[in-house]
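Sequential numbering from 1 along the given sequence is applied to the chain's residues.
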Amino acid sequence: MVDNQLRTVSGLATRRKVIAATGAVGTGLIAGCAENEASGDGNSGNGGNANGNGNGNGNTENTVEGTVRISGSSTVFPVSEAAGEEFSTMHGGFEYELSSDGSTGGIENFFIPGESAVTGSSRPILEEEIEGCQDTGFQPIEFQCAGDALTAIVNPENDWLDCVDYETMQEVWLPDDAPETWADIDPEWPDEEIELFGPATTSGTYDYWTGEVLDDFRSIREDFQGTEEDDLIAEGVAGNPYAHGYLPYAYYDNNPEGIKALEFDGGDGCTAPSLEAASDGSYPLARPIFWYVNQNKLQEDEAVQAFVEFAIELSGDFEIVSEEIGYVAMNDDEVQENLERLQAAIDGEISDEDAIPSAN
């Protein structure tokens, strides 16, 4: 079941541990009425708010006060958490609330009703969800925040499977004639029950897996253990030599000893999941992950503006997004394009089409 527990996060040095410990449950706050005042003493007042992630130069006083509510995907959670931690460290009056509800759970329960200003999603927002936002009275604005290499995993003791393809995964996961044991798939494999772990049905990763891998959107066998805490998927597979599951690459990257990543053959041979293969497009299960922002709150709340601007800039930070978290960081051109679209959204000069690029 999805747990929407809120919590406060602090301490950059603990980020990867937080990913491993929580995976899906958390909340952080950002707040603000962003004002960046040059101190006036010393040199140059650069005046730039939130420009340049990392710390300030000591000559500029950044003051952002307020609270920002962020809901949504457990996949996007560590990126949102990093942005919230970094920004709240820079602005003492700023708080963020961050929860891991799943993409669908976050959009339906918090974003569409207008409770959260930002929601993370590991799949593009659905047409009916866009309509739900518009019925509430606001336009959602899409910003890709990273790239993921969705990873199929088994226990390290599994010595009969190193690479899978779409057909194998469909045979395992689709409800029709679902195999009970590995031997039901191949008689040379162990006659042992397959224990399955995966994201909950409220998850965007579940939507991606059923739609893109199983080719049957939201159709899946029922006897798997679903959770919004991705580390529990890793723990479940680590605890049973006959288990199998799938999770975002960052959660595999944070549990490298207890689970084995499977290569994936999309028709051009087996490719191991990696950030490099996701970035160059050679890994078949490479996918974008997103933030969606409530345009009304964006236009009305300077804290939301400042935080989203900062978060977009952080999405291009290789050290944080790739090395610390385990996703593909956005490149400079993508960051700049997102910043320009952010300004257009704040100014009310963005079209519905430009608001949701993935829908075009």
*Asks:* Would you find more than 12 non-hydrogen atoms of other residues, nucleotides or ligands less than 6.0 Å from Glu222 atom CD?
*Replies:*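 It does not: Glu222 CD has 12 such atoms or fewer within range.
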*Asks:* Would Arg218 and Tyr206 count as a cation-pi pair here, with the cationic atom under 6.0 angstrom from the ring centre and within 45° of the axis?
*Replies:*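 No, Arg218 does not sit over the ring of Tyr206.
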*Asks:* Using modelled atom types and a 3.5 Å cut-off, is there a donor and acceptor pairing between side-chain atoms of Ser121 and backbone atoms of Pro124?
*Replies:*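 No, the answer is negative, given that no donor and acceptor are paired below the 3.5 Å cut-off.
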*Asks:* Quick one: are Trp160 and Trp182 in side-chain contact, heavy atoms under 4.5 Å?
*Replies:*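 When only atoms from C-beta onward are counted, Trp182 and Trp160 do touch, with a gap below 4.5 Å.
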*Asks:* About how many Å separate CD1 of Ile141 and CD1 of Ile350, when rounded to the nearest 0.5 Å?
*Replies:*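 Reported to 0.5 Å precision, the distance equals 4.5 Å.
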*Asks:* Spell out, as yes or no, whether a donor-acceptor pair under 3.5 Å connects the side chain of Asp101 to the backbone of Gly105.
*Replies:*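 Side chain of Asp101 to backbone of Gly105: no pair is present.
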*Asks:* What I want to check is whether the side chains of Asp207 and Thr104 have a donor and an acceptor closer together than 3.5 Å.
*Replies:*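 The answer is yes; a qualifying pair exists.
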*Asks:* How long is the span from the CG atom in Asp230 to the CZ atom in Phe77, to the nearest 0.5 Å?
*Replies:*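 Interatomic distance, Asp230 CG to Phe77 CZ, rounded to 0.5 Å: 10.5 Å.
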*Asks:* Check for me, please, whether Phe310 and Ile70 land in the same ILVMFWY cluster - side-chain distances under 4.5 Å, paths through other members count.
*Replies:*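 The answer is yes; both residues are in one hydrophobic cluster.
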*Asks:* Does atom CD (Glu180) have a neighbourhood of more than 12 heavy atoms from anything else shown, all under 6.0 Å?
*Replies:*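 Open.
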*Asks:* Same hydrophobic cluster for Leu232 and Ile220, using side-chain heavy-atom links shorter than 4.5 Å among ILVMFWY?
*Replies:*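 They do not share one cluster, since no chain of ILVMFWY contacts under 4.5 Å joins Leu232 to Ile220.
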*Asks:* Quick check: is Leu298 connected to Ile130 through a chain of hydrophobic side chains (ILVMFWY, heavy atoms under 4.5 Å apart)?
*Replies:*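 No.
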*Asks:* Counting only N and O atoms by type, is there a donor-acceptor contact under 3.5 Å from the side chain of Asp347 to the main-chain atoms of Glu349?
*Replies:*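 Side chain of Asp347 to backbone of Glu349: no pair is present.
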*Asks:* Would Ile289 and Ile320 show up in the same hydrophobic cluster when neighbours are defined by side-chain heavy atoms closer than 4.5 Å?
*Replies:*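 Shared cluster, yes.
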*Asks:* Search all heavy atoms of Gly245 against all heavy atoms of Val237 and return the closest pair with its distance.
*Replies:*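 Residues Gly245 and Val237, closest heavy atoms: N-CG2, 3.8 Å.
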*Asks:* Thr89 side chain to Glu85 main-chain N or O, any donor-acceptor pair under 3.5 Å?
*Replies:*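 Looks like yes, one N/O pair under 3.5 Å.
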*Asks:* Considering residues, nucleotides and ligands other than Asp332, do more than 12 of their heavy atoms fall under 6.0 Å from its CG?
*Replies:*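 It does not: Asp332 CG has 12 such atoms or fewer within range.
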*Asks:* Under 4.5 Å between side-chain heavy atoms, hopping through other hydrophobics if needed: is there a path connecting Val118 to Met90?
*Replies:*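 Yes.
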*Asks:* I'd like to know whether Cys163 forms a side chain to side chain contact (heavy atoms under 4.5 Å, CB included) with Asp265, so could you lay out the CA-CA distance, the side-chain angles of the two residues, the decisive distance to 0.1 Å, and finally the verdict.
*Replies:* CA-CA 7 Å; Cys163 179; Asp265 185 352; 3.9 Å; yes
*Asks:* State, without any angle test, whether Thr205 and Thr75 hold a side-chain donor-acceptor pair at a distance under 3.5 Å.
*Replies:*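 Side chains of Thr205 and Thr75: pair found under 3.5 Å.
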*Asks:* How about Tyr252 and Tyr249: are their ring centres within less than 6.0 Å of each other?
*Replies:*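 Judged by ring-centre distance (under 6.0 Å), Tyr252 and Tyr249 do meet the cut-off.
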*Asks:* Mind listing the closest non-hydrogen atom pair of Glu263 and Cys270 along with its distance?
*Replies:*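 Closest heavy-atom pair between Glu263 and Cys270: OE1-CB, 3.0 Å.
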*Asks:* When rounded to the nearest 0.5 angstrom, what is the spacing between CD in Gln305 and CD in Glu300?
*Replies:*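 If I round to the nearest 0.5 Å, the distance is 10.0 Å.
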*Asks:* Side-chain contact test, heavy atoms from C-beta onward, threshold under 4.5 Å: evaluate it for Ser122 versus Asp148 and give yes or no.
*Replies:*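 When only atoms from C-beta onward are counted, Asp148 and Ser122 do not touch, as no gap falls below 4.5 Å.
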*Asks:* Quick one: are Ile153 and Lys260 in side-chain contact, heavy atoms under 4.5 Å?
*Replies:*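 Not in contact.
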*Asks:* Where is the tightest heavy-atom contact between Arg123 and Ile107, given as atom of each residue plus distance?
*Replies:*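 Nearest pair, atom of Arg123 first, then Ile107: NH1-CD1, 4.0 Å.
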*Asks:* Is the Tyr246-Trp209 ring centre distance short of 6.0 angstrom?
*Replies:*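 Yes, they do, as the ring centres are separated by less than 6.0 Å.
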*Asks:* What I'd like to find out is whether the side chain of Thr202 reaches to under 4.5 Å of the side chain of Glu108, using heavy atoms alone.
*Replies:*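 They are not in contact (no side-chain heavy atoms under 4.5 Å apart), so the answer is no.
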*Asks:* Using modelled atom types only, decide if a donor and an acceptor are shared between the side chain of Tyr251 and the backbone of Ser74 within a distance under 3.5 Å.
*Replies:*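 Checking the backbone N and O of Ser74 against the side chain of Tyr251, a donor-acceptor pair under 3.5 Å is found.
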*Asks:* For Asn338 and Glu334, test the side chains for any donor-to-acceptor distance below 3.5 angstrom and give the result as yes or no.
*Replies:*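 There is no such pair between these side chains.
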*Asks:* Under 6.0 Å from the CG atom of Asp268, do we count more than 12 heavy atoms belonging to anything else shown?
*Replies:*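 No.
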*Asks:* Once you round to the nearest 0.5 Å, how far does CG of Leu339 lie from CD of Gln343?
*Replies:*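 That separation rounds to 9.5 Å.
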*Asks:* Run the numbers on Trp173 and His244 for side chain to side chain contact (heavy atoms under 4.5 Å, CB included), then give the verdict.
*Replies:* CA-CA 10 Å; Trp173 286 92; His244 158 56; 2.9 Å; yes
*Asks:* What is the minimum heavy-atom distance between Ser358 and Phe290, and which atoms define it?
*Replies:*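 That would be CB-CZ, 4.4 Å.
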*Asks:* Would Phe138 and Phe111 count as a close aromatic pair, with their ring centres under 6.0 Å?
*Replies:*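 So the answer is yes for these two rings.
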*Asks:* Indicate whether the side chain of Ser71 and that of Thr119 have a donor and an acceptor atom separated by less than 3.5 Å.
*Replies:*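 There is such a pair between these side chains.
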*Asks:* Is it true that Arg221 and Asp176 have a side-chain N and a carboxylate O under 4.0 angstrom from each other?
*Replies:*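 Looking at Arg221 and Asp176, the cut-off is not met.
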*Asks:* Has Thr136 got a side-chain atom pairing as donor or acceptor with Gly132's backbone, closer than 3.5 angstrom?
*Replies:*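 Yes, the answer is positive, given that a donor and an acceptor are paired below the 3.5 Å cut-off.
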*Asks:* What closest approach, in Å, do Ala178 and Val172 show between heavy atoms, and which atom pair accounts for it?
*Replies:*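 Looking at all heavy atoms of both residues, the shortest contact is CB-O, 4.5 Å.
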*Asks:* Tell me, do Gln144 and Met330 make a side-chain contact under 4.5 Å, heavy atoms counted?
*Replies:*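 They are in contact (side-chain heavy atoms under 4.5 Å apart), so the answer is yes.
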*Asks:* For Asn254 and Asp231, does a side-chain donor sit closer than 3.5 Å to a side-chain acceptor?
*Replies:*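 There is no such pair between these side chains.
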*Asks:* Strictly distance-based, threshold 3.5 Å: is any side-chain N or O of Glu195 a donor or acceptor partner for the main-chain N or O of Tyr242?
*Replies:*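 Such a contact is absent between Glu195 side chain and Tyr242 backbone.
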*Asks:* Roughly how far, to the nearest 0.5 Å, is CE of Met169 from CG of Leu174?
*Replies:*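 If we round to the nearest 0.5 Å, Leu174:CG and Met169:CE are 10.5 Å apart.
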*Asks:* More than 12 foreign heavy atoms under 6.0 Å from CD of Glu127: is that the case here?
*Replies:*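 For Glu127, atom CD is not crowded (no more than 12 foreign heavy atoms under 6.0 Å).
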*Asks:* Quick one: does Glu81's side chain have a donor or acceptor within less than 3.5 Å of a partner on Pro78's backbone?
*Replies:*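 Judged by distance alone, no pair lies under 3.5 Å.
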*Asks:* Let's go through Phe318 and Glu323 carefully: what are the C-alpha distance in whole Å and the side-chain angles of both, what is the deciding distance for side chain to side chain contact (heavy atoms under 4.5 Å, CB included) to 0.1 Å, and is it a yes or a no?
*Replies:* CA-CA 6 Å; Phe318 179 83; Glu323 293 188 347; 3.2 Å; yes
*Asks:* Given 3.5 Å as the limit, does a donor-acceptor pair link the side chain of Ser322 with the main chain of Tyr327, or not?
*Replies:*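 Here the side-chain-to-backbone pair exists.
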*Asks:* Are Leu161 and Trp189 packed together at the side-chain level, in the sense that at least one heavy-atom pair is separated by less than 4.5 angstrom?
*Replies:*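 The answer is yes; the side chains approach within 4.5 Å.
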*Asks:* Any side-chain heavy atom of Glu65 sitting closer than 4.5 Å to one from His91?
*Replies:*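 Glu65 vs His91: side chains apart.
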*Asks:* Taking it one step at a time, do Leu196 and Gln225 satisfy side chain to side chain contact (heavy atoms under 4.5 Å, CB included)?
*Replies:* CA-CA 6 Å; Leu196 296 173; Gln225 298 187 44; over 6 Å; no
*Asks:* May I ask you to establish whether Arg287 and Tyr208 are in a cation-pi arrangement, using a distance under 6.0 Å from NZ or CZ to the six-membered ring centre and at most 45° from the ring axis?
*Replies:*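 Verdict for Tyr208: a cation-pi partner in Arg287.
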*Asks:* Are any of the side-chain heavy atoms of Ser315 and Val335 separated by less than 4.5 Å?
*Replies:*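 The answer is yes; the side chains approach within 4.5 Å.
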*Asks:* Between Pro357 and Arg341, which heavy-atom pair has the shortest distance, and what is it?
*Replies:*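 Distance-wise, the nearest heavy atoms are CD-NH2, 3.2 Å.
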*Asks:* So for atom CG, which belongs to Asp215, do other residues, nucleotides or ligands contribute more than 12 heavy atoms lying within a distance under 6.0 Å?
*Replies:*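 Atom CG in Asp215 is not crowded, with 12 or fewer foreign heavy atoms closer than 6.0 Å.
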*Asks:* Distance check, rounded to the nearest 0.5 Å: Cys133 atom SG versus Ile356 atom CD1?
*Replies:*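 It is 8.0 Å, given to the nearest 0.5 Å.
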*Asks:* Would you find a donor on one side and an acceptor on the other, under 3.5 Å apart, between the side chain of Asp184 and the backbone of Thr181?
*Replies:*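 At least one qualifying donor-acceptor pair exists.
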*Asks:* Which is it for Tyr166 and Phe264 under the ring-ring contact (aromatic ring centres under 6.0 Å, His included) test, yes or no, and what are the steps along the way?
*Replies:* CA-CA 8 Å; Tyr166 292 105; Phe264 203 95; 5.0 Å; yes
